[in-house]
A.B. asks: 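Right, I'll just put the structure down here and ask away after.
Worth saying up front: this structure is predicted, and the values here are computed from it rather than measured.
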Amino acid sequence: MHLETQLAAHHATDLRDRAEAHRLATQARRPAELRIRLGWTLVEVGLRLANPPRPALAH
């Protein structure tokens, strides 16, 4: 096999391995992102409930 062919095959394998590692890391992180988003949504709802609505100004 030519050197360029071997390097290309090795590079492709390395890219596949990195993509798989990234995919696994992303899947492992998703529940935390969901918890964070849910937490901030609850904070926003709580702030809306705690602050009385302001009367609309007539123009």
Side-chain angles (χ1 to χ4, degrees):
M1 209 189 284
H2 293 328
L3 181 61
E4 292 85 14
T5 307
Q6 288 177 340
L7 287 174
H10 178 70
H11 183 67
T13 303
D14 185 44
L15 287 177
R16 269 189 241 105
D17 291 344
R18 287 184 185 201
E20 180 68 15
H22 177 72
R23 185 185 65 76
L24 291 173
T26 302
Q27 282 182 345
R29 195 174 59 216
R30 283 189 183 145
E33 291 174 3
L34 179 62
R35 282 194 301 263
I36 291 169
R37 195 174 334 146
L38 178 62
W40 280 112
T41 302
L42 290 173
V43 167
E44 184 178 348
V45 169
L47 289 174
R48 287 184 185 180
L49 291 173
N51 294 324
R54 297 184 207 158
L57 297 176
H59 287 278

A.B. asks: For Trp40, which fellow cluster members are found when Ile, Leu, Val, Met, Phe, Trp and Tyr are connected by side-chain heavy-atom distances below 4.5 angstrom, either directly or through intermediates?
C.D. replies: Ile36, Val43, Leu47
A.B. asks: Linking Ile, Leu, Val, Met, Phe, Trp and Tyr through side-chain heavy atoms less than 4.5 Å apart, which residues share a cluster with Leu38?
C.D. replies: Leu42
A.B. asks: Hey, what else clusters with Val45 if you join Ile, Leu, Val, Met, Phe, Trp, Tyr whenever side-chain heavy atoms sit under 4.5 Å?
C.D. replies: Leu49
A.B. asks: List the residues meeting salt bridge (charged side-chain N to carboxylate O under 4.0 Å, His left out) with Arg48, not counting sequence neighbours, and say none if there are none.
C.D. replies: Glu44
A.B. asks: Does anything in residues 8-19 form a salt bridge (Lys or Arg N to Asp or Glu O under 4.0 Å)? List the pairs, not counting sequence neighbours.
C.D. replies: Asp14-Arg18
